[in-house]
Amino acid sequence: MDSNISLDCADGIATIALNNPAKLNAVNAAMWRGLSAAMQRVANDPSIRCVILRGVGDEAFAAGGDIEEFLTVRATVDDALHYHEELVAGALEAVRNCAVPTVAAIRGACIGGGLEIAGCCDIRIAGESSRFGAPINRLGFSMYPGEMAGLLALVGPAVVLEILLEGRILDAREALQKGLLSRVVDDGKVFGEAAACAARIRAGAPLVARWHKQWVKRLMGGTPLSEAEKRQAFDFLATDDYREGLDAFLNKRTPRFTGR
């Protein structure tokens with residue numbers, strides 16, 4: 001795994017950190033690969049019940065892509081297609097399609113590629129002084145359509161066009177109002193609130209969390225559920241966790257879920 005992506009696991013919670021503080025955690029090609037690899041490791045670990053994504057330090061989640069390397073990694077159309085279709089898309093899809101719940105803990109700048117990563121997470125918690133946008137119109141290039149699609153699904157065309165056409169940087173409260181965020185807290189409480197959020201997720205039945213993510217994604221497709229899918233929605237009836245949850249409720253005790 002790339003040294004600029006760290007992965008720490010403890011008590012069922014994985015923390016993945018973007019680590020390039022000298023450039024406000026700007027994501028370079030190796031970091032896109034490393035993020036994808038870290039997410040794959042999480043997906044293959046049945047003990048993980050929640051993932052927190054964050055940037056190292058307090059100044060940035062990620063201030064976009066590493067512009068300095070664009071002269072080499074995006075020098076030609078073929079290079080650019082490889083960069084966006086393989087490296088960036090691979091990482092974003094790994095975050096978006098992770099079966100385990102994901103929480104973005106955002107301090108400081110969350111710009112461009114950083115906004116794309118955070119937008120793929122299930123829950124986004126930001127500090128009051130965090131900043132959001134994609135002012136790439138000032139750099140002379142457009143957002144790749146595959147990456148724009150993720151933001152479109154999150155906030156819709158009006159907000160995406162406002163962000164891209166104006167190139168304006170939004171504060172946390174405006175980002176919350178426009179649907180880019182789940183909640184805003186004091187700067188000093190961001191990582192603590194993300195940890196508390198992950199702990200609440202960890203306390204629930206892990207299979208249920210996965211099913212909730214699965215059904216939200218399925219329902220966003222717009223087509224009616226088949227009869228087989230309707231029956232599949234009751235797969236929980238055969239799980240140990242369902243029996244444990246009911247027994248714990250009836251006996252007024254804390255459930256001990258095993259993911260089976």
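Small disclaimer: the values here were computed from a predicted structure and weren't measured.
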*Do E116 and V88 come within less than 4.5 Å of each other through their side chains, counting heavy atoms only?*
yes
*Does the side chain of D187 come under 3.5 Å of the side chain of S129 through a donor N or O and an acceptor N or O?*
yes
*Does a side-chain N-to-carboxylate-O contact under 4.0 Å join E174 and R168?*
yes
_Qualifying residue for ring-ring contact (aromatic ring centres under 6.0 Å, His included) with H84, from Y144, F70, F141_ = Y144
*Going by distance alone, is a donor N or O of one side chain under 3.5 Å from an acceptor N or O of the other, for D78 and T76?*
no
*With a 4.0 Å cut-off, would you call E229 and R218 a salt bridge?*
yes
_Validation row: L81, V77 side chains within 4.5 angstrom (heavy atoms)_ = yes
*With the threshold set at 4.0 Å, does a side-chain nitrogen-carboxylate oxygen contact exist between D122 and K213?*
yes
*Between R107 and D58, does at least one N-O distance fall below 4.0 Å, as a salt bridge requires?*
yes
_Cation-pi check, R54 onto F191 ring (under 6.0 Å, within 45° of axis)_ = yes
*What about W211 and V51, same hydrophobic cluster or not, with Ile/Leu/Val/Met/Phe/Trp/Tyr joined at side-chain heavy-atom distances under 4.5 Å?*
no
*For the residue pair A60 and L24, what are the closest heavy atoms and their distance?*
CB-O, 3.3 Å
*If two hydrophobic side chains count as joined below 4.5 Å and joins carry through other members, does V160 share a cluster with L165?*
no
_For I201 and V103: C-alpha separation, side-chain torsions, deciding distance, then whether side chain to side chain contact (heavy atoms under 4.5 Å, CB included) applies._
CA-CA 10 Å; I201 292 170; V103 179; 4.1 Å; yes
*Please tell me if the side chains of F257 and P206 come closer than 4.5 Å, counting only heavy atoms from C-beta onward.*
yes
*Verify the neighbour count for atom CZ of R183: are there more than 12 heavy atoms of other residues, nucleotides or ligands below 6.0 Å?*
yes
*E69 and R74: salt bridge (Lys or Arg N to Asp or Glu O under 4.0 Å), yes or no, with the steps?*
CA-CA 8 Å; E69 72 170 9; R74 301 198 317 185; over 6 Å; no
*Evaluate the side chain to side chain contact (heavy atoms under 4.5 Å, CB included) criterion for residues V27 and D66: first the C-alpha distance (whole Å), next the side-chain angles of each, then the deciding distance (0.1 Å), finally the verdict.*
CA-CA 5 Å; V27 187; D66 188 343; over 6 Å; no
*Is the shortest distance from a Lys or Arg side-chain nitrogen in R253 or E244 to a carboxylate oxygen in the other one below 4.0 Å?*
yes
*Yes or no on side chain to side chain contact (heavy atoms under 4.5 Å, CB included) for N4 and L18, after CA distance, side-chain angles and deciding distance?*
CA-CA 6 Å; N4 290 122; L18 307 171; over 6 Å; no
